[in-house]
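Whatever order the structure lists ligands and atoms in, that order sets their numbers, starting from 1. The model shown is predicted, which means the values in this text are computed figures rather than measured ones.
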Amino acid sequence: MLLSPRLKAIADLVPPSRTIADIGTDHGHIPLYLIRQGRAEYAIAADISPGSLDKAVQLIQQYNMGHCMEARLGSGLSVIAPGEADTIIIAGMGGILIREILEEGEEAARSAHILILQPMIGQEELRRWLLNNGYSIVDEELAAEGDRIYEIIAAKPDKEARGYENEIYYDIGWKLVEKKHPLLKEWIQKKIRSLSEIVRNLGNAKTQSASERKHELMEKIRMYKEVYDSCFR
Ligand SMILES: C[S@@+](CC[C@H](N)C(=O)[O-])C[C@H]1O[C@@H](n2cnc3c(N)ncnc32)[C@H](O)[C@@H]1O
């Protein structure tokens, strides 16, 4: 089974694990892949939606994986006991929803060795929450699929974790800058283009809030350019 570049990049960040839990699994492709690769001994594929979970149930049956894969219906981390999964994957949701799932299932989240998180939006808020709530970010990945570049964050419970000194690293993951990720150049260029487009649309902002927003965005563009220049010039 071939994974899309986004799913493959998520799976590639998963270390050899005893039990992985894929929360919001939908199609179930990530847990199946990890089992077939021998990267996980056991996989729990969980989803809040019966319709979504049914796809994972079918997949488990189709590949005869009932002895090492299990589908569980329920919200967030309520489906696993603390300590049951050493790796937790939460992918394809908004950063705020991922944060809520980690908050509500705090015991299970903190007892895992690693969390592999793939927020579709709200990446900045998620990084900020992780670093200010006892998780360190140990790695980050980018994956290009279609015309989008997806961000994937690997985090670990860490009592010593603290926030970044430079605010821009909540937007541009520090780990991506540190390893000069091959897609980082294109990703920053895309960000600058889309922020510049919003600034252009704000035009000659008349209201105070529009004018403040324009200045905020221009400051952000300046910070993106600073990181770009420090990495690629
Ligand atoms: C867009 S799909 C992502 C599927 C897969 N993880 C991926 O990255 O391709 C989001 C899935 O998350 C599920 N979901 C949303 N909120 C959830 C929650 N609180 N707990 C468990 N699953 C949830 C949805 O039912 C849906 O199947």
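- For the pair R6 and ligand 1, the shortest N or O to N or O distance falls below 3.5 Å.
- For the pair E216 and K220, the salt-bridge criterion is not met [side-chain N within less than 4.0 Å of a carboxylate O].
- Put simply, the side chain of I153 reaches to within 4.5 Å of the side chain of P119, judged on heavy atoms.
- At the top of the distance list for atom 11 (C) of ligand 1, counting protein heavy atoms only, stands G24 O, 3.7 Å.
- By the 4.0 Å heavy-atom criterion, H29 is excluded from the residues contacting ligand 1.
- With hydrogens and angles ignored, the 3.5 Å screen pairs a side-chain donor or acceptor of Q118 with a backbone N or O of G92.
- The backbone N or O of W129 sits nowhere less than 3.5 Å from a side-chain atom of R99 that would complete a donor-acceptor pair.
- Salt-bridge formation is not detected for the pair R6/E141: no Lys NZ or Arg NE/NH1/NH2 atom is positioned less than 4.0 Å from an Asp or Glu carboxylate oxygen.
- The cluster map of Ile, Leu, Val, Met, Phe, Trp and Tyr, joined by side-chain heavy atoms under 4.5 Å apart, puts Y170 and L115 in the same cluster.
- Below 3.5 Å of separation, one finds an N or O of S52 facing an N or O of ligand 1.
- Those atoms of ligand 1 with a heavy atom of M93 less than 4.0 angstrom away are 12 (O), 14 (N), 23 (C).
- Residue contact annotation: A46 has no non-hydrogen atom under 4.0 Å from ligand 1.
- For L7, the heavy-atom gap to ligand 1 drops under 4.0 angstrom.
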Can I get a per-line list of side-chain donor-acceptor pairs under 3.5 Å for residues 79-90, giving both atom names and the distance, sequence neighbours left out?
from, atom 1, to, atom 2, distance (Å)
E84, OE1, R72, NH1, 3.1
E84, OE1, A81, N, 2.9
E84, OE2, R72, NH1, 3.1
E84, OE2, R72, NH2, 2.8
D86, OD1, R18, N, 3.3
D86, OD1, T19, N, 2.9
D86, OD2, R18, N, 2.8
T87, OG1, S17, OG, 2.7

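- A side-chain donor-acceptor contact under 3.5 Å links R148 to the backbone of M120.
- For ligand 1, the atoms lying closer than 4.0 Å to a non-hydrogen atom of S75 are 19 (N), 20 (N).
- The shortest separation from a heavy atom of L97 to ligand 1 is under 4.0 Å, placing the residue in contact.
- Ring orientation note: the planes of Y169 and W174 are nearly perpendicular, at an angle over 60° on the 30°/60° scale.
- Using a 4.0 Å cut-off between charged side-chain N and carboxylate O, D47 and K55 make no salt bridge.
- Between A91 and ligand 1, a contact under 3.5 Å exists for at least one N or O pair.
- For atom 24 (C) of ligand 1, the closest non-hydrogen atom on the protein side is D47 OD1, 3.4 Å.
- Ranking protein heavy atoms by distance to atom 14 (N) of ligand 1, first place goes to I48 CG2, 3.7 Å.
- Using a 4.0 Å cut-off between a side-chain N of Lys or Arg and a carboxylate O of Asp or Glu, E124 and R128 qualify as a salt bridge.
- Considering backbone and side-chain N/O of G76, one or more are found under 3.5 Å from N/O of ligand 1.
- For ligand 1, the atoms lying closer than 4.0 Å to a non-hydrogen atom of T25 are 4 (C), 5 (C).
- Within ligand 1, the atoms closer than 4.0 Å to a non-hydrogen atom of S49 are 25 (O), numbered from 1 in the order shown.
- The nearest protein atom to atom 10 (C) of ligand 1, hydrogens excluded, is given as G92 O, 3.9 Å; this is a heavy-atom distance.
- Atom numbering of ligand 1 starts at 1 in the shown order; those under 4.0 Å from a heavy atom of D26 are 4 (C), 27 (O).
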